[in-house]
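The structure under discussion appears below in the form of structure tokens.
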2 protein chains.
Amino acid sequence: MEVKITTKPRDTREHILEVAISLFAEQGYSKVSMRNLAKSVGISGASIYHHFPDKQSLYIDAVSHAFSDTAKAMETAFNHTGTPIERLEEFVTCFTELMGNDLDFRKLLHRELLDGDDVRLKLLAERLFIEPFKEVTVLADGLFPNSEPHMMAISIFGLVLFHYETERLRQFLPSTRPEHDQPSTISTHVMQLLTENKAFK
Amino acid sequence: MEVKITTKPRDTREHILEVAISLFAEQGYSKVSMRNLAKSVGISGASIYHHFPDKQSLYIDAVSHAFSDTAKAMETAFNHTGTPIERLEEFVTCFTELMGNDLDFRKLLHRELLDGDDVRLKLLAERLFIEPFKEVTVLADGLFPNSEPHMMAISIFGLVLFHYETERLRQFLPSTRPEHDQPSTISTHVMQLLTENKAFK
DNA sequence: GTCTATAGCCTGATAGAC
DNA sequence: GTCTATCAGGCTATAGAC
């Protein structure tokens with residue numbers, strides 16, 4: 001019985017995707033050329049076209065790949081035991097940590113919010129946000145009876161993400177301090193803002 | 001005494017800038033070509049180079065132009081009479097309205113947050129955000145004594161902007177309703193979230 | 001201040017050898 | 001599955017006539 005040993009049999013595709021994710025995140029779709037991507041991967045430009053039919057398909061595959069990794073991680077952010085307020089706190093803490101550790105994902109997300117067409121936005125919603133969004137909406141419905149759950153859930157995601165989004169801008173605003181970028185500081189701030197709200201009335 | 005009448009003596013530059021703002025906002029720097037911009041303005045590609053030395057300078061001028069318009073409008077968002085809570089409400093309402101009516105500005109802002117270099121971010125901060133940010137920080141310092149004013153101010157801006165940022169994504173999330181995009185709905189929600197907080201303790 | 005023409009480069013994508 | 005060579009077209013920017 002013969003066992004074929006190939007140095008990199010079908011990992012090339014995966015490798016291309018991983019490099020593509022970081023390049024697309026950092027520079028955006030238009031500024032990444034197939035040649036530069038190929039060079040970063042260590043193959044020729046033509047070789048990419050053996051694995052992907054064109055640039056757009058490659059981009060969509062790369063984004064899907066990045067999102068499915070994060071989607072898996074986000075499932076762990078929910079604990080179904082404990083009081084609603086404890087569950088919200090666990091989600092906010094995990095989500096903030098998750099976002100803090102993945103700059104590429106955050107940039108891809110914001111690029112998609114800006115430039116994604118309806119097909120890609122739908123994919124983004126279904127693969128990534130619908131389930132956590134539903135859970136947060138249910139928690140918000142119980143904890144903030146006077147606010148609309150949908151808007152409250154959006155606000156909770158926004159509170160976390162906006163602090164990261166403005167990370168580079170804030171160095172030029174007054175009284176910025178390094179710990180403002182740390183996940184633990186952000187999640188503590190968000191929970192404080194939320195729980196010293198009607199949640200405890 | 002002779003008075004020269006020229007149909008469009010020095011408005012061409014202004015015209016280019018206005019068209020450029022909307023194109024850069026909609027498509028981003030890389031996807032806007034000097035040719036297409038020229039065609040939208042109604043002149044030849046070469047003519048743009050009579051008014052601007054290169055594409056980068058044109059982009060910076062366009063962004064500065066868009067930001068200075070909005071900066072002027074943002075000054076009106078502050079009323080220095082009334083209780084702190086009334087003044088916060090007036091700012092949130094005006095700011096939300098202002099953002100809601102200027103899609104180009106919102107897109108340019110988010111593109112700059114993603115891709116702006118330190119020079120451009122500094123310009124953005126100084127020309128646009130430092131003054132309102134200081135005012136909101138002072139209000140936050142008085143109204144939310146247990147939260148850090150800097151983070152609280154960021155959160156207030158973020159609460160408004162994130163609802164707009166996710167406008168197109170939210171059509172694919174549960175229980176979305178058309179009024180969720182209206183400035184009045186957003187500002188009411190944000191104020192409710194904030195004022196039924198410790199501000200009233 | 002606007003034009004046409006064009007230089008020189010980079011782009012996405014393909015052909016065909018190995 | 002990877003390569004080199006190449007095509008056709010778009011890009012920024014310039015030259016020079018009017």
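Chain identifiers are assigned alphabetically (A, B, ...) following the order of the sequence lines, protein sequences preceding nucleic acid strands; residue numbering begins at 1 within each chain.
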> In residues 17-32 of chain A, which residues come under 4.0 Å of DNA chain C by heavy atom?
Replying inline: Val32(A)
> Is a side-chain donor-acceptor pair under 3.5 Å present for His163(B) with Thr96(B)?
Replying inline: no
> Step by step, would you call Arg170(A) with Asp181(A) a salt bridge (Lys or Arg N to Asp or Glu O under 4.0 Å)?
Replying inline: CA-CA 10 Å; Arg170(A) 278 185 284 111; Asp181(A) 298 329; 3.0 Å; yes
> Can you tell me if the side-chain N/O atoms of His50(B) get under 4.0 Å from OP1 or OP2 in dG1(C)?
Replying inline: yes
>> Under the salt bridge (Lys or Arg N to Asp or Glu O under 4.0 Å) definition, can you give me all pairs with a residue in residues 137-164 of chain B, not counting sequence neighbours?
In response: none
> Taking CD1 from Ile48(A) and C1' from dT4(D), how many angstroms apart are they, rounded to a whole number?
Replying inline: 16 Å
> Ile43(B) CD1 to dT4(C) C1': how many Å, rounded?
Replying inline: 14 Å
> Asp11(A) CG to dT2(D) C1': how many Å, rounded?
Replying inline: 16 Å
>> Tell me which pairs pass salt bridge (Lys or Arg N to Asp or Glu O under 4.0 Å) where either residue lies in residues 75-85 of chain B, with sequence neighbours left out.
In response: none
Under 3.5 Å, which donor-acceptor pairs do the side chains of residues 118-136 of chain A form with other protein atoms, sequence neighbours left out?
{"from": "Arg120(A)", "atom 1": "NE", "to": "Glu112(A)", "atom 2": "OE1", "distance (Å)": "3.0"}
{"from": "Arg120(A)", "atom 1": "NH2", "to": "Glu112(A)", "atom 2": "OE2", "distance (Å)": "2.9"}

> Tell me, which pairs form a salt bridge (Lys or Arg N to Asp or Glu O under 4.0 Å) where one or both residues lie in residues 49-61 of chain A, sequence neighbours left out?
Replying inline: Arg13(A)-Asp61(A)
> Arg87(B): what forms a salt bridge (charged side-chain N to carboxylate O under 4.0 Å, His left out) with it, not counting sequence neighbours?
Replying inline: none
>> At under 4.0 Å between heavy atoms, how does the protein contact nucleotides 13-18 of chain C? Give one character per nucleotide, 5' to 3', with B, S or -.
In response: BBB---
> Can you check the His51(A) NE2 to dC3(D) C1' distance for me, whole Å?
Replying inline: 12 Å
> Taking only N and O in the side chain of Ser47(B), is any of them less than 4.0 Å away from OP1 or OP2 of dC3(C)?
Replying inline: yes
> Any side-chain N or O of Ser44(B) less than 4.0 Å from the OP1 or OP2 oxygen of dC3(C)?
Replying inline: yes
>> Does dT2(D) have OP1 or OP2 under 4.0 Å away from a side-chain N or O of Thr12(A)?
In response: yes
> Can you name the side chain to side chain contact (heavy atoms under 4.5 Å, CB included) partners of Ser47(A), sequence neighbours left out?
Replying inline: Ile43(A), Ser44(A)
> What pairs of residues pass the salt bridge (Lys or Arg N to Asp or Glu O under 4.0 Å) test when at least one of them lies in residues 94-110 of chain A, not counting sequence neighbours?
Replying inline: Glu26(A)-Lys107(A), Arg106(A)-Glu167(A)
